[in-house]
Amino acid sequence: MKKLFLLLSVVTTMLSCSESKKPKIAIVGVGIECSTFSPARTTFDMFRPLYGEDIIKSYPFFREDSILLSRADWKPAFLAWATPGGMVTRECYDTLLNRSLRLLKEQMPFDGIFLDIHGAMSVEGLDDPEGDYITKIREVVGDDVMISASMDPHGCVSHRLAKNVDMITSYRMSPHEDRYISRERAVVNLLDRLESGKGKPAYKAWVKVPILLPGEKTSTRVEPGKSLYKAIEPIEALDGVVDAAIWMSYPWADEPRNHGVVMVVGDDKAQVEAGAKSLAEHFWSVRDRFEFVAPTASLEEVLENALKSKVKPYFISDMGDNPTAGGAGDVTWTLDKLLKRPEFKNRNGKRLIYASIPGPELVEAAKKAGVGGTVDGEVGAMVDDRYCPPVRIKGVVEKIVEDGENDQIVVRCGSMQVIVTEKRTGFHYERNFDRLDLKPREADIIVVKLGYLTEELYAMRADWMMAHTRGGVDQELIQLPYKRLERPIYPLDPDMADPKLEVVFL
């Protein structure tokens, strides 16, 4: 309610203000999470750059009649996000950075900046890319400009990043159904502070929490994640607090900054400090209660359960090569085992949809063969062949979708329908299946390269298990070859002593 009343009062004030009184605010940011355990590399062509008005249009809260849109003189500079993947090349990062700085310089000066970042980018030869990014921006725009950042909770908040932003918030739901709500909160916080004349919050409290867990164990759909993130609300509601946030960080990158963080920002030092300490202690106290959001087992065990099931569709998460978490998306380990299962050899067996595997050569062959034709070729393992080489698919082409960007086909192999794509991609939504005429709700089993299911797939499932499979985002964290994490850290060091959870003011 505190935020609502403040917003209403500010809106009333703004209606009486002249155009010249509006604050001048830039929008800039980059976003990706990168697995350092994957051989894949992310190049600039894999990002989706936006400029000018296209940035404004990308935010649903900036619709044409938006009060937020009318409250400032918006100067959208550069925004580029990419599907999670391997480390970003240094050339790509330098391009992202230099383009951001150039477009900011062209529109200076600013009163504020809305910084839209993910927080888990890894770059070849560079530690803490987001910390480097914000430092370079500060060098250009100066220390007086107020910067409000929005982040993914699986991002990493280093000292350098926290020091250079004035306000910082994070999504509070996993899966991230509130991603635009959180971005809007960062924008509203920025506008409120500029319009009220309060300026930058007086205190920023940062607490390192030595925990590193995957999103599949920290979902807010279940406890203890649900209650942990709910605990933010009463702290944020305090008059002396502007925002509070919790970061789980990103477990598939081996860097010193990868660990849990709590931050609280506000004007009342005692409230800010107490809130940060409370959230950090809550986070640490529930560390051993985090469990996978769905039942997990080996691929063989999961398949046995799915084959016995009388409900459909039965979803299976191919977790180890989840492209939405940084996997290469072309590991064939799971597909190879499915193609060898006798239960799927007969066309009349249980219908299984496999989503998906890159295979540009097979896609081209299917276009030539046409629907109803037969194709025979290899797919996958073009980037990550550590666990299994490319697999051979021989079957009938059931569907071809050409969109000029990522052509896709469906190949029937026995009772399996394998989705083969020109480029790596994630199948997050029901419409992705529908455009291929797959009728996913009628399928017996659907195997997706995901960890926790996205909102639409979660709503569609009749049952669901997550399989421990191989890839660049392997869920068996204890087996990963970490060398640079700050130790001790839970769960890699399960018997570590309780940390001090020191509140650091930045």
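Side-chain contact of D318 with T469: a donor-acceptor pair under 3.5 Å is present, judged by distance alone. Donor-acceptor pairing under 3.5 Å is lacking for the side chains of S356 and Q408. Under 3.5 Å, the side chains of Q475 and E216 contain a donor-acceptor pair of N or O atoms. With hydrogens and angles left out, the side-chain atoms of S317 and Y452 include no donor and acceptor closer than 3.5 Å. A donor-acceptor pair shorter than 3.5 Å cannot be found between the side chains of Y387 and D321. Side-chain contact annotation: R183 with Y171, donor-acceptor N/O pair under 3.5 Å present. Under 3.5 Å, the side chains of T169 and R185 contain a donor-acceptor pair of N or O atoms. D116 and Y59 are linked by a side-chain donor-acceptor pair at a separation below 3.5 angstrom, with hydrogens and angles left out of the test.
Atom OG1 of T83 and atom CE of M46 lie 10.0 Å apart (nearest 0.5 Å). Atoms CZ and SG, from F44 and C92 in turn, are 7.0 Å apart once rounded to the nearest 0.5 Å.
No donor-acceptor distance shorter than 3.5 angstrom exists from the side chain of Y354 to the backbone of L338, with no hydrogens or angles considered. When atom types are taken as modelled, the side chain of T332 and the backbone of P390 share no donor-acceptor pair closer than 3.5 angstrom. Side-chain atoms of R424 come within 3.5 Å of backbone atoms of G327 as a donor-acceptor pair (strictly under, hydrogens ignored). Side chain of R138 to backbone of N164: a donor-acceptor contact under 3.5 angstrom is found. Looking at K423, its side chain does come within 3.5 Å of a backbone N or O of E405 through a donor-acceptor pair. D474 places no side-chain N or O within 3.5 Å of a backbone atom of R470 that could act as its donor or acceptor partner. Between the side chain of K449 and the backbone N or O of V331 there is at least one donor-acceptor pair closer than 3.5 Å. For the pair S58 (side chain) and I55 (backbone), a donor-acceptor distance under 3.5 Å is present. Not a single donor-acceptor pair under 3.5 Å links the side chain of S309 to the backbone N or O of N305. Panel note: side chain N432, backbone F427; no donor-acceptor pair is recorded below 3.5 Å.
Qualifying side chain to side chain donor-acceptor pair (under 3.5 Å) partners for T421, counting only residues two or more places apart in sequence or in other chains: none. The side chain to side chain donor-acceptor pair (under 3.5 Å) search around Y482 returns none, not counting sequence neighbours. Annotation: side chain to side chain donor-acceptor pair (under 3.5 Å) contacts of E300 (sequence neighbours excluded): none.
When all heavy atoms of L492 and R487 are compared, the closest pair comes out as CB-NH2, 3.6 Å. A pairwise comparison of heavy atoms in A80 and P49 identifies CB-CA, 4.0 Å as the closest pair. Across all their heavy atoms, L436 and K399 have their closest contact at O-CG, 3.6 Å. Heavy atoms only, all atoms of each residue included: L457 and Y429 are closest at CD2-C, 4.1 Å. The two residues T42 and G86 make their nearest non-hydrogen contact at OG1-O, 2.8 Å. Of all heavy-atom pairs between S174 and S219, the closest is O-OG, 2.7 Å.
Using a cut-off of 4.0 Å between Lys/Arg side-chain N and Asp/Glu carboxylate O, E430 and R441 are scored as salt-bridged. R172 and D178 are not joined by a salt bridge, as no carboxylate oxygen comes within less than 4.0 angstrom of a charged side-chain nitrogen. At a threshold of 4.0 Å, the pair D403-R435 counts as salt-bridged, since one of the basic side-chain nitrogens sits closer than that to a carboxylate oxygen. The pair K226-E223 does not meet the salt-bridge criterion, since no charged nitrogen lies less than 4.0 angstrom from a carboxylate oxygen. Electrostatic pairing of D254 and K483 does not count as a salt bridge here, judged by no charged N lying under 4.0 Å from a carboxylate O. Classification of D127 and R484 as a salt-bridged pair holds, one side-chain N sitting under 4.0 Å from a carboxylate O. Between R431 and E456, at least one side-chain N (NZ, or NE/NH1/NH2) sits under 4.0 Å from a carboxylate O, which counts as a salt bridge. Ion pairing of E486 with K208 is present here, as a side-chain N (NZ or NE/NH1/NH2) and a carboxylate O approach within less than 4.0 Å. With respect to the salt-bridge test (charged N to carboxylate O, under 4.0 angstrom), the residues E455 and R461 do not qualify.
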task: Check the pair R351, E398 against salt bridge (Lys or Arg N to Asp or Glu O under 4.0 Å), reporting the backbone distance first and the verdict last.
output: CA-CA 14 Å; R351 182 163 73 98; E398 290 193 332; over 6 Å; no
- request: Please lay out, stage by stage, how D152 and Y250 fare under the test side-chain hydrogen bond (donor to acceptor under 3.5 Å, both in side chains).
  value: CA-CA 10 Å; D152 189 295; Y250 180 71; over 6 Å; no
- prompt: Step by step, would you call Y133 with Y93 a side chain to side chain contact (heavy atoms under 4.5 Å, CB included)?
  reply: CA-CA 9 Å; Y133 186 76; Y93 173 73; 3.8 Å; yes
field: Intermediate values then yes/no, ring pair (Phe, Tyr, Trp, His ring centres under 6.0 Å), W74 and F62
entry: CA-CA 11 Å; W74 295 100; F62 279 148; 4.9 Å; yes
- request: Apply salt bridge (Lys or Arg N to Asp or Glu O under 4.0 Å) to R160 and E130, showing your working.
  value: CA-CA 9 Å; R160 186 161 54 155; E130 284 84 1; over 6 Å; no
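Taking the side chain as every heavy atom from C-beta outward, I419 and L438 approach each other to under 4.5 Å. For the pair I400/D407, no side-chain contact is recorded, criterion being any heavy-atom separation below 4.5 Å from C-beta on. Using a 4.5 Å cut-off on side-chain heavy atoms (C-beta onward), V473 and F37 make no contact. M151 is not listed as a side-chain neighbour of C156, based on a closest heavy-atom distance of 4.5 Å or more. The shortest distance between side-chain heavy atoms of P358 and V379 does not fall below 4.5 Å. Side chains of I393 and L335 form a contact here, defined as non-hydrogen atoms less than 4.5 Å apart. V209 has its side chain out of reach of V261: every pair of non-hydrogen atoms, C-beta onward, lies at least 4.5 Å apart. In this structure the side chain of P389 never reaches within 4.5 angstrom of the side chain of D385, judged on heavy atoms.
Ring centroids of H154 and H176 are separated by less than 6.0 Å, placing the two rings close together. For an aromatic pair to be called close, the ring centres must be under 6.0 Å apart, and H468 with F292 satisfies this.
Using cut-offs of 30° and 60° on the angle between ring planes, the pair F290 and F283 is perpendicular. Taking the six-membered ring where the residue is Trp, W206 and H259 present perpendicular rings, their angle passing 60° and hence far from 30°. Under the 30°/60° scheme for interplanar angles, the aromatic rings of Y51 and F78 are found to be tilted.
Residue-environment remark: CZ (R392) stays at or below the threshold of 12 foreign heavy atoms within 6.0 Å. Open room surrounds CD on E91; 12 or fewer heavy atoms of other groups in view lie less than 6.0 Å from it. Within a 6.0 Å sphere centred on CD of E476, heavy atoms belonging to other residues, nucleotides or ligands number more than 12.
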